[in-house]
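Every value quoted in this text rests on a predicted model; they were computed, and no experiment measured them. Here is how names work: the chains are called A, B, and so on, in the same order as the sequence lines, proteins then strands, and each is numbered from 1.
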Amino acid sequence: MQFPTITSPHTARPNSVTRTMLWVILALIPGTVAMTWYFGWGILIHMVLATATAVAGEAVVLRLRARPVMPALKDLSAVVTALLMALALPPLLPWWITVIGVVFAIVVVKQLYGGIGYNPFNPAMAGYVLLLVSYPVDMTSWVPPEMLNPHPLDPLQTLSLIFTGQLPTGLDWDAVTAATPLDAMRTELDQNRMISEIRQSPLWGDFGGRGWEWVGNWFLLGGLVLLYKRIITWHIPVSMLAGLLVMAMLFHFIDQETHPFGLFHIFSGGTILGAFFIATDPVTASTTRKGQLIYGASIGVLVYIIRTWGGYPDAVAFAVLLMNLSAPTIDYYTQPRVFGHRDQGDE
Amino acid sequence: MHYPSPSNSHHKLYRFHGGLHLPDNKTQSNGRPARAAALPKRLILPLQQHIGEPAHPTVAVGDRVLKGDVIARAQGLISVPIHAPSSGTVIEIGEHPVPHPSGLPAHCIVIETDGLDQWGELPEPIMDFSTRDPATLRQRIRDAGIVGLGGAAFPTSVKLDPRQPVHTLIINGAECEPCITCDDMLMRERAEQVVAGIAILRHLTGAKSCLIGIEDNKPEAVTEMTRAVASSGQEGMEVISIPTLYPSGGEKQLIRVLTGEEVPSSSIPASIGIVCNNVGTAAAVADAVLQGRPLISRYVTVTGEGVGEPCNLEALIGTPVVELIEQTGGYSGRISRLIMGGPMMGFTLHDDSSPIVKASNCLLAASAAESPDPGPALPCIRCGQCASVCPVRLLPQQLYWYARAKDLEKAQEYNLFDCIECGCCSHVCPSHIPLVQYYRSAKNEIWAQEQEKRKAEQARKRHEARLARLARKEAEKQARLKKKKAVLAKKPAGKAKTGAPDPKQAAIEAAMKRAAEKKARLAAEGATPRNTRQLTEAQQRQIDQADARRQAAGKAEAHTEKPVAEEQE
Ligand code: SF4
Ligand code: SF4
């Protein structure tokens, strides 16, 4: 009798890209629910919109590149990119801005570089940064958290606002939007107010902006799930948070009234989402263990620097993109010591 | 650790990087005692069952042979003889499908058995081995055709003749691959014999300490071996239960686990005073020395969802695979491929008429569920999971990148030749990239290039020799002419006779001298290509083996080459 021959190993593979991405999507659920709870239906609407755009965009490009469409879509990486981007966008952003960002992320940043595995930059963050520099006003108009929102919008109102720009009667734009805590903190610090004064405002909770501080916790929960399922390892998130925390505490220690304390930074803006879901994007991060520690810590430090002295209130996207550029170099210089070799550094 | 083991409560264990916890699937085959396989009608004995030079047939078609007779003798140092596993008649010497990853047929001696299973004359047993000269014992082991039975099949007698003093003998009973249980059963059922063999190995290596490493998923084997060691009264011999973690049975990994030492890259364990042998090899050594019995049978695990009754068989070397399958309930209908070896490192057999060879530890008749098609590979997403499981601490994703781009220089810079092909990286890769396959073909390509270079070098030498020969002839002719002229001119015996240098010949000699000097200089500078320098002994062996195969295949060519090569001298 004769049999087909293939090469070893001959085992059922426990792992797949689809499974990895599926876990990322599942792990986003708690944070997403929390975001929707605090900031309204716009989050979900943008997620659906971004996902549809990403899948359609990827399918079209693959067809144009004469590549098989289904296997690429099945890996769910486009969906993850879309979801991460939607979570970073202001909930009431006009629909076409989201579409532009997602199309740029998927078509230019991902597919034109060769598709999954070949893109040097994190597509979601590149798309986000493009929108931030192109539409700075829209991109910084957030909504107030639920407990501070005098006029929460229902799903239909949100939908019509996003797609037609039509505000419910009697409301103007300023009534439904608000700056993010990071933004507010920055503006007021620029006006030379003390942190102790600034924190008198009802915008602030126990350690961050109200609402925001809790969103971070839920994303953290998702991140822990990813760690537990070994979808990611601790190296990047821990080093990134540590880098940010060390910088923040150092400057807070030097001057408490002009530098907010460490946890504020951890639980504001996209820090937690960034640490567990964005900086850990395998394709664009460092892959050696030592490299990941350097990569994560550098992102953390950069986030602090850009938030404190840079031109933009939040900085995760910029920091991640900057470190994406350095990842290959970091990898090169942090190769582990191979078994039985003594010359290169330790593990 | 799941199982308590009294013997190693005090032995410190070390770990290696990465590794995998795999479902071990061993209970299917180790539930019933091993039994002797039936005598097959035909035995097919490949001339090359070991690393090194193939054996050379000493029988002809039509010869009658007895069980244990030598039918092919060793050629060269790294080689062993082959024996008739049963009595019968040689009916063919020729190409036959053999279990080899290349899938190519190879030279085999085929014996039709007569059913008498009649023993030939065997050498005298050596009972008082501890008083014997090691060289005598090594010769006995070589004459018995013993090679490493753990899978490497390197001639054991060579391994037992290290140039460095040996302080530790390590006996590999880890059997870390899923599904395989032949060493497990051997240790359970023949612990005394294994320990007797270990004692001989120890005497030969002069090792003070002897560590027997067994994974803790084999508690019965640990118990049996511990008991046998205790009753043998051997001092400094210890059975150590080690945590189950693939590939702890890899030679360098086991040494690391038991001693904390790392065998340097491209070196053999002997370079740090350690020799490692498999339990099956130890049992074979006991047979050879204490009974004079050559290596003609071994324990083979037949398992997988593709056979009716998975179990262990003691099979004669040369038994066709299909006969073993028939004796274990036949194909179950769920068979999708036939694997020789375990699921992680084994290779698929194309043809089930291939025989069992000395290195065959397991036949895995895998169902589609056990060995599913991994499907098309996706691009590498650089997740680094491969790197986190690699026991050698390589960066498989980088190796893959360079192997695929055929940048062989870079692949070697990332230590391609340290890869032990354990398959951990391929197993976890979410993109289902057949990583090991890329590494194997990159290695093969490098070896092929090496081969090419060597050939080119030979051709160059031949060409130089030819030029020198022509030049010499020409010079001689000129000299003769001159002499004649001189004689004709009847001039007083002049320049030629007094031996004054002939300008032409001097020029030729100078040119040859320059060429020789250049060659010497190159050699002194170490102009050997880097990749051969980095080869481990095992790889060198594989190259030699490939060379040997090639030579065997292209004998005609070799014949035409030889005289020229000789002429050079
Ligand atoms: S496991 Fe596969 S996908 Fe991940 S880095 Fe390694 S080769 Fe790439
Ligand atoms: S096959 Fe090679 S590269 Fe892959 S895990 Fe094993 S040693 Fe590492």
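In this structure, a donor-acceptor pair under 3.5 Å is present between the side chains of A:His341 and B:Asp418. At a cut-off of 3.5 Å, with distance as the only test, no side-chain donor of B:Ser388 or A:Arg230 sits close to an acceptor on the other residue.
For a residue to count as touching a neighbouring chain, one of its non-hydrogen atoms must lie under 4.5 Å from one of that chain's; by this rule A:Thr20 touches chain B with the side chain only. With a threshold of 4.5 angstrom between heavy atoms, B:Pro391 approaches chain A through N, CA, C or O but not through any side-chain atom. Of the two parts of B:Met345, only the backbone, made up of N, CA, C and O, holds a non-hydrogen atom closer than 4.5 Å to a non-hydrogen atom of chain A. At a 4.5 Å heavy-atom cutoff, the contact between B:Leu349 and chain A is made by backbone atoms alone. Only the side chain of A:Asp331 has a heavy atom closer than 4.5 Å to any heavy atom of chain B. Only the backbone of A:Ala285 comes within contact range of chain B, with at least one heavy atom under 4.5 Å from a heavy atom of that chain.
Expressed to the nearest 0.5 Å, how far OG of B:Ser426 lies from NE2 of A:His10 amounts to 10.5 Å. Remark: B:Tyr439 OH to A:Thr7 OG1 distance equals 12.0 Å, nearest 0.5 Å. Rounded to the nearest 0.5 angstrom, A:Phe339 CZ and B:Glu262 CD are separated by 4.5 Å. Separation of atoms CZ (B:Arg393) and OG1 (A:Thr288) is listed at 13.0 Å; rounding is to 0.5 Å. Between the CG atom in B:Asn415 and the CD atom in A:Gln335 there is a gap of 8.0 Å [rounded to 0.5 Å].
Taking chain A as the reference chain and counting heavy-atom pairs below 4.5 Å, the highest number among B:Leu22, B:Asp373, B:Ile335 is found for B:Ile335. Among A:Gly115, A:Ala12, A:Gly114, the residue with the largest count of heavy-atom pairs under 4.5 Å with chain B is A:Ala12. Heavy-atom pairs under 4.5 Å with chain B peak, among A:Asp75, A:Asn119, A:Thr287, at A:Thr287. With respect to chain A, the highest number of heavy-atom pairs below 4.5 Å among B:Leu378, B:Val436, B:Leu338 belongs to B:Leu338.
The number of heavy atoms from other shown groups lying within 6.0 Å of OH (A:Tyr113) does not exceed 12.
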Using side chain to side chain donor-acceptor pair (under 3.5 Å), reason through A:Ser8 and B:Arg440 one step at a time and then give a plain yes or no. CA-CA 11 Å; A:Ser8 62; B:Arg440 261 189 218 125; 2.8 Å; yes
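When side chains are defined from C-beta on, B:Ser371 does not count as touching A:Thr11, because their heavy atoms never get closer than 4.5 Å.
Looking only at distances, no side-chain donor or acceptor of B:His427 sits under 3.5 Å from a matching main-chain atom of A:Pro9. For A:Asn15 (side chain) and B:Cys429 (main-chain N/O), no donor-acceptor pair under 3.5 Å exists by modelled atom type.
Between A:Tyr332 and B:Tyr414, the ring planes are perpendicular. Angles over 60° get that label, and only those under 30° would be called parallel.
Summarising the geometry of A:Pro282 relative to B:Cys383, their closest heavy-atom pair is CB-CA, 3.5 Å, with the distance given to 0.1 Å.
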